[in-house]
Amino acid sequence: MQCAESRNRASASKHHTGVNAQTTLAGSALGQWYGPLTSPFLAMRVSRLMLVTLRDDPAEAEIVSHKLLLRAGYTRRISSGIYAYLPLLWRVLQKISQIVREEMNATGALEVLLPQLQPADLWERSGRWAGYTAGEGIMFHLTDRQGREQGLGPTHEEVITTLAADLIRSYRQLPVNLYQIQTKFRDEIRPRFGLMRGREFIMKDAYSFHADEASLRETYADMDGAYRRIFARCGLRTVAVEADSGAIGGSASQEFMVTAEAGEDLVLASADGRYAANQERAVSLASEALPLGPDPCQQLSTPGQTTIEALVAAHGFDPSQIVKVLLLAARFADGTVQPVLVSLRGDQQLNEVKLANALTAVLADHGALLEVAPIDGAFVERWSLTPGAIPFGYLGPDLADDTLDQKGKAPGVALTSAPQSPVAPPRLERHFLRLADLTALDLPRFVCGANQADSHRVGATWADLGPLPQTVDLRAAQPGDRCLHDPSQHLEATRGIEVGHIFQLGRKYSTALDATFTNEAGQEEPLWMGCYGIGVSRLAQAAVEQNHDANGICWPLAIAPYAVIIVIANLNEPLQVKLAERLYGELQSAGVEVMLDDRDERAGVKFKDADLIGIPFRVVVGRGAASGQIELVSRVEGERQDLAAEDLLTCLMQRIRP
RNA sequence: CGGGGCGUGGCGCAGCUUGGUAGCGCGGGUGCUUUGGGAGCACUAGGUCGCAGGUUCGAAUCCUGUCGCCCCGACCA
């Protein structure tokens, strides 16, 4: 299939007017968008590549990988969070896809392609339509000409589970694992960093179905292994971490992080390598609290001391002796607005993700959690609460429910939400949900607000404060914390880019969408499910973030758009052109993915570009061409090697396929 | 959504405070010279300053609105 290019090689003139195989759009005959690389894509003349490299960093890019992908001509922004994949990047994406495909297939997973346009009623059945389309929801949605609502798939649980409900009847068909590599649409609150967080991006997503949880665990472990092989084959350094399941739901989940400074996630890991988790999820041992003196509880005048810092400065307390109280309001899909009092030890920070999970679990009846926001003056006004009833800055865990009483207007009159809102109108609960982190509840005696302005209590005990709040793990683990598995170990922080995530979903979606099978005993039961994602386009950029130097990208060989670039140093030297063309043909024939820089540019320009676009091996055909001598340069090590043209193929093959 | 910043030839920027109808570098084209790490010289094409109003004799510049893009945040009372 590479014959078209071979034929043209002979006719390509010095001015490169010959039509190359690449321009015949042979690729479209592949049929599959994300299909494997085939021979028409084996080689490329740079003069035909529409390659535009930039000298200056584009103003739109902030992080190095984004700058390099733009400068080296891999991508262009079309609008915020939406990018075109140019020819070189498309090859990278196809290579990554192919590695993913091979490893997925090796586990017995089946490739499919599911619709991106998905009917609202599917999402209503799973209970996610409102949450995904209203407010902070990320699903692009539209109404078709029949007036039916449709969403653009941000993920495919609903579709795949519906298919499973249709197709899976018996335990004899199980387990199965289906995957696809496809464009996803997510209307991100804030797209950023190019392909890192786009609104349209390429993802591999897989969904497995099982007769029981043990089988799910088995496939989950298979996926863990497959993912490790995929990232290793892509040449990436990754770390697998415990993760929060987030909006997808379910129980166990693990993320795969490409370690890089520009990563959006914070990973906390122990030096012994036995524990690693996303900070959202991480657990650790808090430091011991300093004990407070035995004096009985008494009021302390603390005018203007509304922060932990001020209390500490004025009275010499240690932050660990204080219970701080955060006042928040959680809004749910059914319109409920639930005031929440969170008690934390003064030296600890709230982990919002843990809080959101706790709220979702405790108040499951109210549907999806849409928002958690602080209660402040604006909130008091909005809900016509008694002004001044809530003594901000002096809150105690026992703040009375009657501070939520309304003054004046009848409930809800002045504050209905926009009439066209798809979500139920908000309705304020008139009592607090009281939660406390274990580190706060463990304090025998502590300092806390007195629920009146300018006053705290010293030596309070939980017994003094009425009913105990619900105990939940709410504190954020921090770098330096002691580890649970071995208190002599401490958590260390690394930044990471999440490129993969695997979940044990359980039966959440199968139950909601009535996807059942008949078990061995002849009874119907919901399928067990797992899901497994890889951000293919994000992975490409993460690879750049992890593999670059001052001169440009240094692609790992396995995902480089081409393995080799042959540079003709001086196009006016017929001997050089002739030798380069000969080597170009030889490498193609040997199946090497090779590009030929046949542009009429000075050598320096071509060297710079070769470095910038990051091709792993550069062959320079220059002055030595007359005597059949060429130069082989490795992009990463920069090592140069002079050799006879006849030895190039052998030498390269050793490097490329050791 | 809140905060901050930015929109001026293809790209990166200056000009704006103190209104007088655009400038620099790179890039593009042509020619000559040069030819192993982003060449030199000459000539040349290309923008009416995001868009819409307004003020003014006159607006890239001042005012209002609007659109787009980037960054931080959307928890710590």
Side-chain angles (χ1 to χ4, degrees), chain A residues 52-63 66-67 70-73 76-82 134-137 187-194 197 264 280 305-311 319 322 324-330 340-356 370-380 390-396 399 437 449 451 453 474-476 550-552 567-573 576 597 599-612 618-625 629-631 633 638 640 642:
Chain A
V52 176
T53 56
L54 306 173
R55 293 195 189 205
D56 299 313
D57 285 334
E60 72 186 65
E62 192 74 11
I63 62 174
H66 189 197
K67 289 177 180 172
L70 288 166
R71 278 189 57 205
R76 285 290 134 107
R77 190 192 67 218
I78 300 304
S79 79
S80 180
I82 298 177
E136 312 268 277
D187 196 359
E188 293 285 349
I189 296 170
R190 183 150 87 89
R192 62 190 128 174
F193 304 146
R197 184 173 295 276
E264 290 188 87
E280 295 175 348
Q305 296 160 22
T306 59
T307 64
I308 302 278
E309 296 73 38
L311 273 177
I322 301 170
K324 68 177 169 187
V325 174
L326 310 181
L327 186 50
L328 305 156
V340 185
L341 270 178
V342 177
S343 298
L344 282 174
R345 208 171 82 185
D347 61 335
Q348 301 299 317
Q349 302 296 314
L350 175 65
N351 179 323
E352 281 180 81
V353 175
K354 289 181 180 177
L355 175 62
L370 301 182
E371 182 190 27
V372 179
I375 290 180
D376 52 16
F379 184 94
V380 168
I390 300 176
F392 292 110
Y394 299 93
L395 304 180
L399 180 66
D437 184 70
N451 294 323
L474 292 173
R475 63 178 283 273
N551 295 318
V567 174
I568 307 174
N570 187 340
L571 219 61
N572 296 320
E573 295 289 343
Q576 292 183 16
D597 196 342
R599 293 175 300 170
D600 192 4
E601 296 285 350
R602 292 162 64 87
V605 173
K606 293 192 265 200
F607 295 158
K608 286 285 188 192
D609 277 346
D611 286 349
L612 182 60
R618 187 176 83 215
V619 173
V620 183
V621 181
R623 290 179 182 132
Q629 287 292 112
I630 56 167
E631 185 183 64
V633 187
R640 286 146 201 271
D642 290 308

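Every chain is numbered from 1, with letters handed out A, B, ... down the list of sequences.
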Value in whole Å for how far the [atom2] atom of [N] lies from [atom1] of [X]:
| X | N | atom1 | atom2 | value |
| --- | --- | --- | --- | --- |
| A/Glu352 | B/A74 | CD | P | 7 Å |
| A/Arg197 | B/G73 | CZ | P | 12 Å |
| A/Leu341 | B/C75 | CG | C1' | 15 Å |
| A/Asp611 | B/G37 | CG | C1' | 8 Å |
| A/Lys67 | B/C70 | NZ | P | 15 Å |
| A/Phe392 | B/C76 | CZ | P | 12 Å |
| A/His66 | B/C71 | NE2 | P | 8 Å |
| A/Glu62 | B/C71 | CD | P | 6 Å |

message = For the CD1 atom of A/Ile568 and the CG atom of A/Asp600, what is their distance to the nearest 0.5 Å?
response =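 That separation rounds to 10.0 Å.
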key: CG-CZ distance between A/Asp347 and A/Arg475, expressed to the nearest 0.5 angstrom   = 8.0 Å
inquiry  = Using modelled atom types and a 3.5 Å cut-off, is there a donor and acceptor pairing between side-chain atoms of A/Asn351 and backbone atoms of A/Glu280?
reply    =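 Yes: the side chain of A/Asn351 pairs with the backbone of A/Glu280.
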ask   = Is the side chain of A/Asn451 donor-acceptor paired with the backbone N or O of A/Leu395 at a distance under 3.5 Å, no angle test?
value = no
[N] and [M]: how far apart are their [atom1] atoms, nearest whole angstrom?
| N | M | atom1 | result |
| --- | --- | --- | --- |
| B/A14 | B/C6 | P | 10 Å |
| B/G9 | B/G27 | C1' | 11 Å |
| B/U44 | B/C57 | C1' | 37 Å |
| B/A52 | B/G7 | C1' | 16 Å |
| B/C11 | B/G28 | P | 14 Å |
| B/C49 | B/U8 | P | 11 Å |
| B/C63 | B/G73 | C1' | 30 Å |
| B/G54 | B/G10 | P | 28 Å |

Of the options [options], whose atoms approach the side-chain atoms of [X] most closely?
| X | options | value |
| --- | --- | --- |
| A/Pro374 | B/C75, B/G12, B/C69 | B/C75 |
| A/Arg192 | B/U35, B/C72, B/G36 | B/C72 |
| A/Thr307 | B/U35, B/C75, B/A77 | B/A77 |
| A/Asn570 | B/G36, B/C70, B/U35 | B/U35 |
| A/Asp56 | B/C71, B/C69, B/C11 | B/C11 |
| A/Leu328 | B/A77, B/C11, B/C69 | B/A77 |

ask   = Going by an N to O cut-off under 4.0 Å, is there a salt bridge joining A/Lys354 and A/Asp437?
value = no
Heavy atoms only, 4.0 Å cut-off, all strands: where does [X] land among base, sugar-phosphate and nothing?
| X | result |
| --- | --- |
| A/Ile375 | base |
| A/Gly393 | sugar-phosphate |
| A/Ala569 | base |
| A/Val620 | base |
| A/Glu631 | base |
| A/Arg640 | base |
| A/Val372 | sugar-phosphate |

For A/Phe607, ring-ring contact (aromatic ring centres under 6.0 Å, His included) partners two or more places apart = none
query = Between A/Asp597 and A/Arg618, does a salt bridge (Lys or Arg N to Asp or Glu O under 4.0 Å) hold up when you go through it step by step?
reply = CA-CA 10 Å; A/Asp597 196 342; A/Arg618 187 176 83 215; over 6 Å; no
Pairing partner of [N] (Watson-Crick or G-U wobble, both distances under 3.5 Å):
| N | value |
| --- | --- |
| B/G2 | B/C72 |
| B/G28 | B/U44 |
| B/A39 | B/U33 |

Table of protein N/O atoms under 3.5 Å from nucleotides 38-49 of chain B N/O atoms:
residue: B/G38; atom: O2'; partner: A/Arg55; partner atom: NH1; Å: 2.2
residue: B/G38; atom: O2'; partner: A/Arg55; partner atom: NH2; Å: 2.7
residue: B/G38; atom: O6; partner: A/Arg71; partner atom: NH2; Å: 3.0
residue: B/G38; atom: N1; partner: A/Asp609; partner atom: OD1; Å: 3.2
residue: B/G38; atom: N2; partner: A/Asp609; partner atom: OD1; Å: 2.8
residue: B/G38; atom: N2; partner: A/Asp609; partner atom: OD2; Å: 3.3

ask   = Mapping A/Pro191 and A/Arg76 to their closest nucleotides on RNA chain B, which lands nearer the 5' end?
value = A/Arg76
query = Between A/Ala61 and A/Gly624, who's closer to the 5' end of RNA chain B by nearest nucleotide?
reply =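 Looking at RNA chain B, the more 5' nearest nucleotide goes with A/Gly624.
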inquiry  = Can you give me the closest heavy-atom contact between A/Ile322 and A/Ile308, atom names plus distance?
reply    =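 Looking at all heavy atoms of both residues, the shortest contact is CG2-CD1, 3.7 Å.
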Just so I know, are the side chains of [X] and [Y] near enough to count as touching, which here means a heavy-atom distance under 4.5 Å?
| X | Y | result |
| --- | --- | --- |
| A/Arg599 | A/Lys606 | yes |
| A/Arg71 | A/Asp57 | yes |
| A/Arg192 | A/Glu264 | yes |
| A/Val325 | A/Leu399 | no |

key: Sugar-phosphate or base contact per nucleotide [nucleotides 1-7 of chain B; S, B, -; heavy atom under 4.0 Å]   = -------
ask   = Can a side chain N or O of A/Ser79 be found less than 4.0 Å away from OP1 or OP2 on B/G68?
value = no
